[in-house]
Amino acid sequence: MSTQALTNPAVDFSEWYNEVVYRADLADHSPVRGCIIVKPYGYELWDNIKNALDRRFKATGHQNAYFPLFIPKSYLEREAEHVEGFSPELAVVTIGGGKALEEPLVVRPTSETIIGEAMAKWIQSYRDLPLLLNQWANVVRWEMRTRPFLRTTEFLWQEGHTAHATEEEAEAETLQMLDVYADMVVNDAAIPVIRGLKHETEKFAGALRTYTIEAMMGDKRALQSGTSHNLGQNFAKAFNMQYLDKNNQLQNCWTTSWGLSWRVIGGIVMAHGDEKGLKLPPRLAPYQAVIVPIFRNDDERGTVLDAVETLKKALLAADVRVHVDNRDYQPGYKFNDWEMRGVPVRLELGPRDVQNGTVVAGRRDIPGKEGKRFLQQADIAAQVKLLLEEIQANMLAQATAFRDANIFDVHSYDELRSVVEAGGFARGWWNGSNEDIARIKQETSATHRCYPLEQPGGEGVCFMSGKPASQIAIFARAY
RNA sequence: CGGGGUGUGGCGCAGCUUGGUAGCGCGCAGCGAUCGGGACGCUGAGGUCGUGGGUUCGAAUCCCGCCACCCCGACCA
């Protein structure tokens, strides 16, 4: 519940972020280090994200399944790069039922191995391909420093796992799912993203290559918001995922995996939030509209609440997620509270509105009086739906304008330094070494975010090494 | 793991130097008033002072140990 002033994001962004997460009622602290409790309001938001993705997965031919939380330790070890990447952050169960286990069980940090093992059993023939699975699950990664939603020890996500007959199909799948992520994040979360290829030093442990969607937060840092991996035949070979082709030849499968987590909730907070708190995109908001009744006495109370009830029914009938705030607080308190919680549209209905057949609509994306206007009660559903679409579009437009204003082309290391120092994405021709990347990280704390899929074409000069370069890359400080 | 800091009602803190058995703000409950931008008044509930030991007639306060958490340096959806 909100009380008074929120830390100004311009002054202390990370403190502001924490306050918003807790005061907007998304989450609470948990007794377990690095873990959070997701409260109903936050979970509803996750549910909406989940549904937005799930229907896209189904539309692209995927099916959901569920695999065990525990993975035999030896499975992780079958793919060399994979173990190396994940072993520092594993939680391992060594005792079960009071007895030491013969083989320790890893609490899944991701499920390539145990799903790979199963897929190997299920795939015999080219007729069994492609195999397109997805799992909604919790995973555990023992991180050193955690932040609510952005990096927690346990987190919720989905992980897609697919097997294909050819490298081309696997690559097409990897890119298709990247597009699915981009579509959801851009169109539902209203956050613009840059689709890109991860540098080899940043790719998933065990993958051939990793694609990413990178978003810019309100403090101009980057947030990797979803990743899609072409795993090549690495896991297929480690788990004997083989099939007989049409010529009766035994072939290794080509696999992919792709994941998006509740980190996106953190992205929504940080990409849209402001000094009043959370600002939710209408398509994902648990409540798209909240009605605040206003009255001074029992007489007014009766007529106002009648009108409110009518309004609510009309909106529900039009599939608007609406909530009536009947709490015994003053209206002003409620206005601030719902602004903190990011509700896109606030409807205020008082005695004067009952008289006039009107209702005051305030939009979260436009602060203060400017965002308020009168609507007619008679046609409320259509008007609110229109307003929600406007808000959705406006939020994306604002976030896009902000991002584009903070991407800078750099031609030298000095330029990169000053961009990173001032805040923003540095974009430039890149053909540097891994040592160069390490040095940039060391000296500026910026990392190679990706090679954007959209390239200018042609050739340039690497801003770091001075060597000829055929690709531009983006560097930024990231979460 | 190295450095710095903090543990006192749900939250944020004061009290500790100079021991005498706990207080403030917010929140919470009841009543009243109020209600178109967080007003208010009265009454009230709620605390083994992180934990174990020691000193003392007496410890939130002094001493020793431990634990937890936070911030800063080496990993990441």
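Reminder, nothing fancy here: chain letters follow the sequence lines and each chain counts from 1. Basis for what follows: all heavy atoms, side chains included, without hydrogens, waters or symmetry-related copies.
Comparing the same atom, P, in B:C67 and in B:G25 gives a spacing of 37 Å after rounding to whole Å. Across B:G44 and B:U48, the matching C1' atoms stand 23 Å from one another, rounded to whole Å. B:G12 and B:C70 have their C1' atoms separated by 15 Å, given to the nearest Å. B:C62 and B:G4 have their C1' atoms separated by 24 Å, given to the nearest Å. Here the separation of B:G50 from B:G7, taken at their C1' atoms, is 6 Å to the nearest Å. Rounded to whole Å, the separation between the P atoms of B:G23 and B:G9 comes to 14 Å. For the P atoms, the distance linking B:C69 with B:U8 amounts to 14 Å, nearest Å. Nucleotides B:C49 and B:A14 place their C1' atoms 13 Å apart, quoted to the nearest Å.
Residues A:D12 and A:T7 have side chains that never bring a donor and an acceptor to within less than 3.5 angstrom of each other. No donor-acceptor contact under 3.5 angstrom links the side chains of A:S257 and A:E159, judged on distance only. For A:Y479 and A:D219, the side-chain atoms include at least one donor-acceptor pair closer than 3.5 Å. Using a 3.5 Å distance cut-off with no hydrogens or angles, the side chains of A:W338 and A:D325 do pair a donor with an acceptor. Using modelled atom types, one finds a donor on one side chain and an acceptor on the other under 3.5 Å when comparing A:E173 with A:H62.
The distance between the ring centers of A:F475 and A:W430 falls below 6.0 angstrom. Taking the six-membered ring for Trp, A:W136 and A:Y66 have ring centres at least 6.0 Å apart.
For the salt bridge (charged side-chain N to carboxylate O under 4.0 Å, His left out) test, residues two or more places apart in sequence or in another chain that qualify with A:E443 are A:R417, A:R439. Among residues two or more places apart in sequence or in another chain, the salt bridge (charged side-chain N to carboxylate O under 4.0 Å, His left out) test is passed with A:K198 by A:E214. Residues passing the salt bridge (charged side-chain N to carboxylate O under 4.0 Å, His left out) test with A:R147: none are found, sequence neighbours excluded. For A:W254, there are no ring pair (Phe, Tyr, Trp, His ring centres under 6.0 Å) partners two or more places apart in sequence or in a different chain. Evaluation of the ring pair (Phe, Tyr, Trp, His ring centres under 6.0 Å) rule for A:H164 yields no partner, not counting sequence neighbours.
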Donor-acceptor pairs are to be reported for all side-chain atoms of residues 272-279 of chain A against protein atoms at under 3.5 Å, with residues two or more places apart or in another chain.
residue	atom	partner	partner atom	Å
A:H272	NE2	A:A189	O	2.7
A:H272	NE2	A:A190	O	3.3
A:D274	OD1	A:K276	N	2.8
A:D274	OD1	A:G277	N	3.3
A:D274	OD1	A:R364	NH1	3.4
A:D274	OD1	A:R364	NH2	2.7
A:D274	OD2	A:R364	NH1	2.9
A:K276	NZ	A:N336	OD1	3.3
A:K276	NZ	A:E339	OE1	3.4

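Between the base of B:G38 and the side chain of A:D337 there is no donor-acceptor pair shorter than 3.5 Å.
Nucleic acid contact for A:N297: none, since no nucleic acid atom lies under 4.0 Å from a heavy atom of the residue. Across all strands, A:R346 comes closer than 4.0 Å to base atoms (heavy-atom distances). A:E339 comes within 4.0 angstrom of a base, heavy atoms only. Within 4.0 Å of A:K198, counting heavy atoms only, lies no atom of the nucleic acid at all.
At least one side-chain heavy atom of A:V264 sits under 4.5 Å from a side-chain heavy atom of A:L260. The side-chain heavy atoms of A:W262 and A:W157, taken from C-beta on, include no pair separated by under 4.5 Å. Two residues are said to be in side-chain contact when any heavy atoms from C-beta on lie closer than 4.5 Å; A:F70 and A:R108 fail this criterion.
Listed pair A:Y329 / B:C28 meets the phosphate criterion, a side-chain N or O lying under 4.0 Å from OP1 or OP2.
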Dump the pairs, protein N or O against N or O of nucleotides 30-34 of chain B, anything under 3.5 Å, distances to one decimal.
residue	atom	partner	partner atom	Å
B:U34	O2	A:Q330	NE2	3.4

Mind listing the N/O atom pairs, protein and nucleotides 8-11 of chain B, below 3.5 Å?
none

| message | Would A:F86 and A:R141 count as a side-chain contact (heavy atoms from CB on, under 4.5 Å) here? Give the steps. | response | CA-CA 8 Å; A:F86 280 103; A:R141 297 181 187 178; 3.7 Å; yes
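In this structure, A:R55 fails the cation-pi test against A:F57, since its NZ or CZ atom is not both closer than 6.0 Å to the six-membered ring centre and inside 45 degrees of the ring normal.
Only at 4.0 angstrom or more do the heavy atoms of residues 61-70 of chain A sit from any atom of RNA chain B, so none qualifies. The stretch residues 360-373 of chain A touches RNA chain B through A:V360, A:K372, each having a heavy atom within less than 4.0 Å of the strand.
With respect to the salt-bridge test (charged N to carboxylate O, under 4.0 angstrom), the residues A:R23 and A:D28 do not qualify.
Counting only Watson-Crick and G-U wobble pairs whose two distances sit under 3.5 Å, RNA chain B takes part in these stems of three or more pairs: B:1-7 with B:67-73, B:10-13 with B:23-26, B:28-32 with B:40-44, B:50-54 with B:62-66.
Atom C1' of nucleotide B:G36 and atom CD of A:Q355 are separated by 14 Å, given to the nearest angstrom. Between the C1' atom of B:G12 and the CG atom of A:L6 lies a distance of 15 Å, rounded to the nearest Å.
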| Contact state string [nucleotides 68-77 of chain B, B base, S sugar-phosphate only, - no protein heavy atom under 4.0 Å] | -S--S-BBBB
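Using the six-membered ring where Trp is involved, A:H229 and A:F204 have ring planes that are parallel, under 30° apart on the 30 and 60° scheme.
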